[in-house]
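Only one structure is covered here, and it is reproduced in the block below.
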Amino acid sequence: MTTTRFAPSPTGYIHVGNLRTALMNYLIARKAGGTFILRIDDTDPERSKEEYVDAIKQDMEWLGLHWDRIERQSDRLDRYAEAADKLREMGRFYEAFETPTELDLKRKKQLNMGKPPVYDRAALNLSDAEKEALRAERGNGVWRFKLDHERIEWNDGILGDISIDAASVSDPVLIRGDGQVLYTIASVVDDTEMGVTDVVRGSDHVTNTATQIQIIEALGGTCPRFAHHSLLTGPQGEALSKRLGTLALRDLREQGVQPMALLSLMARLGSSDPVELRSDMAELIEGFDVNRFGAAPTKFDVQDLFPLTAKHLQSLPLADVADAVAEAGVPAELAEPFWAMARENITTLGDLKGWWELCRDGAEPLIADEDRDFIAEAVALLPEGPFDGETWGTWTKAVKEATGRKGKSLFMPLRKALTGMERGPEMATLLPLLQVIRARG
Ligand code: GLU
């Protein structure tokens with residue numbers, strides 16, 4: 001059965017880059033009728049925070065990315081210790097004692113000699129007595145996985161055929177000196193034991209994948225299918241990594257971005273399919289194919305989310321936005337006509353408040369000197385209330401007859417006097433909502 005997972009580390013809020021990973025894994029699972037696991041990669045006790053675990057869940061729920069199972073790596077440390085023992089017994093695990101400074105020096109020397117900065121495996125030559133002495137002096141060493149120096153190959157769902165020479169990669173550290181298990185092994189143990197069949201993640205993980213394939217094989221597991229999506233860049237192709245902090249999902253939510261807008265964009269951006277607003281998750285699932293994504297960096301412009309949000313809101317019936325309409329202060333009996341007027345004129349639900357204030361308090365009228373008499377005449381002709389959808393038509397017809405004005409010179413001064421703006425909602429739908437005028441009518 002198809003099983004995928006989204007595996008964030010709870011060391012911060014999740015952002016649009018993480019969302020891309022989450023969404024692709026989610027859509028693969030749902031399309032196949034499989035299982036989607038939310039896995040919290042919290043093996044780092046210093047950087048992992050409960051607050052972020054809660055925030056990740058909230059963000060996922062907001063988007064409707066419901067998980068079938070939740071797992072936490074901190075609950076599974078004994079499983080990782082077992083796997084480590086297994087690797088130790090197999091002779092694939094060795095303790096190394098170099099300090100970060102020593103490693104840095106080695107790297108610099110290698111680079112100076114034009115060699116790739118790969119760990120030289122000096123620790124493999126240490127005798128038991130030497131290790132004992134180093135342990136006494138420096139404390140426990142780190143544990144490195146001994147890669148087989150052969151080519152590691154896989155067919156990547158996005159990148160195509162990949163072949164990496166294991167000799168060009170340092171033996172990965174899987175356990176730190178303080179005993180902390182690192183993601184590289186924890187993830188392998190989880191993916192294997194949880195039956196993960198498909199792993200989609202960012203292309204910054206390609207080298208991890210190479211080493212993880214060897215670890216999976218050493219532990220006797222089955223390799224999942226891997227796909228590595230490109231990383232997001234800003235609209236000009238500039239690196240986004242530093243700005244991702246400002247593109248947290250909660251900030252976008254705060255700015256009024258609608259989940260469907262975000263999902264519609266992220267499920268297609270960087271693929272050969274056009275970005276179009278979809279009406280629901282089922283539609284996104286239906287058309288999703290990870291193989292249609294390209295390897296090139298994907299440009300992301302946060303501004304693209306707003307027209308999609310506006311379009312999505314326009315499509316909604318009042319029932320879907322009733323809370324927001326009420327929160328904007330609109331009385332229940334006016335909610336229906338208010339929404340009919342406002343839906344075409346907002347970018348986010350946050351704009352509702354402004355429209356309601358205009359309806360309730362009126363606007364500072366915008367009246368040109370040459371229009372003063374005309375407006376006075378028009379006001380005198382305003383029919384008796386209550387106003388409805390016909391009122392504007394009846395009224396402007398009467399004003400036209402009385403003043404001889406027509407077209408733009410008839411409508412624009414009225415619009416400006418009533419709304420203080422040159423552009424805006426259909427006056428026929430707006431007029432019955434203008435409370436001040438209503439009172440007068
Ligand atoms: N915790 C890892 C990350 O956030 C997970 C990577 C993976 O999907 O394997 O980068």
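Ligands are counted one by one from 1 in listed order, and the atoms in each one are counted from 1 as well.
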If you scan protein heavy atoms around atom 4 (O) of ligand 1, the nearest is A7 O, 3.5 Å
**OP:** For atom 6 (C) of ligand 1, find the nearest protein heavy atom and state the residue, atom name and distance (0.1 Å precision).
**Re:**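 Ranked first by proximity to atom 6 (C) of ligand 1 is Y183 OH, 3.3 Å.
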Inset, instruction - Look at the rings of Y52 and Y13 and say which category their plane angle falls in: under 30° parallel, 30 to 60° tilted, over 60° perpendicular. - result: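 Ring orientation of Y52 relative to Y13: perpendicular.
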Exercise for review: Hey, can you tell me if F293 and F288 have their rings parallel, tilted or perpendicular (30° and 60° cut-offs)?
Suggested key: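 The rings of F293 and F288 sit tilted, inter-plane angle from 30° to 60°.
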For [X], the ligand 1 atoms whose distance to one of its heavy atoms is below 4.0 Å:
| X | result |
| --- | --- |
| R201 | 7 (C), 8 (O), 9 (O) |
| D41 | 1 (N), 2 (C), 5 (C) |
| H205 | 3 (C), 6 (C), 10 (O) |
| R5 | 7 (C), 8 (O), 9 (O) |

Cationic N near anionic O, under 4.0 Å, R39 to D191 = yes
D128/R135 ion pair, N-O < 4.0 Å: no
### Task
Run through D42, D44, D190 and flag the one making a side chain to side chain donor-acceptor pair (under 3.5 Å) with Q73.
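It is D190, the one option of D42, D44, D190 that forms the side chain to side chain donor-acceptor pair (under 3.5 Å) with Q73.
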